[in-house]
J.: 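Before I ask anything, here is the structure I am working with.
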Amino acid sequence: MYQYSTFLDYTWTMLVINSTELGAVELKEKIDKAFEQDFVERFFIDQEDVNASFQLGIEVAMKKLRDNYRYTFINDVISEMKGWGCFHAETF
């Protein structure tokens, strides 16, 4: 089980990574504060990564996400979720 501080580090780190990938420049001040307070695990992302990504702009960020197979829109919710265990009574 995670220790509370480890959980917080992971949560903040993922928030910063995802915000950076989305090009959420409006969160820059909050991201900087998270780094100042040592909430972000710098092994995964550092302020230089954030700055470089934000300098590329929102259009480049969106193109990177569109071109990445991990990030796709859900067109058919049923087919996306039909394998989830919570929808199969026999798994409980």
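Excluded from the calculations below are hydrogen atoms, water molecules and symmetry mates; all remaining heavy atoms, backbone and side chain alike, are included.
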J.: On a heavy-atom basis, which atom in E41 and which in T13 lie closest, and how many Å separate them?
T.: N-OG1, 2.8 Å
J.: When rounded to the nearest 0.5 angstrom, what distance separates CG in D49 from CZ in F54?
T.: 11.0 Å
J.: Taking NZ in K64 as the centre, count heavy atoms belonging to other residues, nucleotides or ligands within less than 6.0 Å. Is the count above 12?
T.: no
J.: Of the non-hydrogen atoms in E21 and A61, which two are nearest, and what is the gap between them?
T.: O-CB, 3.6 Å
J.: Are F87 and V77 grouped together when hydrophobic residues (ILVMFWY) are joined by side-chain heavy atoms under 4.5 angstrom apart?
T.: yes
J.: Does L56 share a hydrophobic cluster with V16, counting links as ILVMFWY side-chain heavy atoms below 4.5 Å and allowing steps through other members?
T.: no
J.: Which distance, rounded to the nearest 0.5 Å, do you find between the CD1 of I17 and the CG of L22?
T.: 12.0 Å
J.: Is there a donor-acceptor pair under 3.5 Å between the side chain of S19 and the backbone N or O of A24?
T.: no
J.: Is there a continuous path of hydrophobic side-chain contacts, each under 4.5 Å between heavy atoms, that joins V50 to V60?
T.: no
J.: What are the two closest non-hydrogen atoms of R66 and E59, and how far apart are they?
T.: NH2-O, 4.4 Å
J.: Mind checking whether F43 and Y10 sit in one hydrophobic cluster, side chains of I, L, V, M, F, W, Y counted as touching below 4.5 Å?
T.: yes
J.: Ignoring hydrogens and angles, tell me if any N or O in the side chain of N51 forms a donor-acceptor pair with the backbone of Q47 under 3.5 Å.
T.: yes
J.: For the CD atom on E29, are there more than 12 heavy atoms of other groups (residues, nucleotides or ligands in this structure) within a distance under 6.0 Å?
T.: no
J.: Would you say F39 and K33 make side-chain contact, with heavy atoms under 4.5 Å?
T.: no
J.: If we only count heavy atoms from C-beta on, is the T20 to I45 side-chain gap below 4.5 Å?
T.: yes
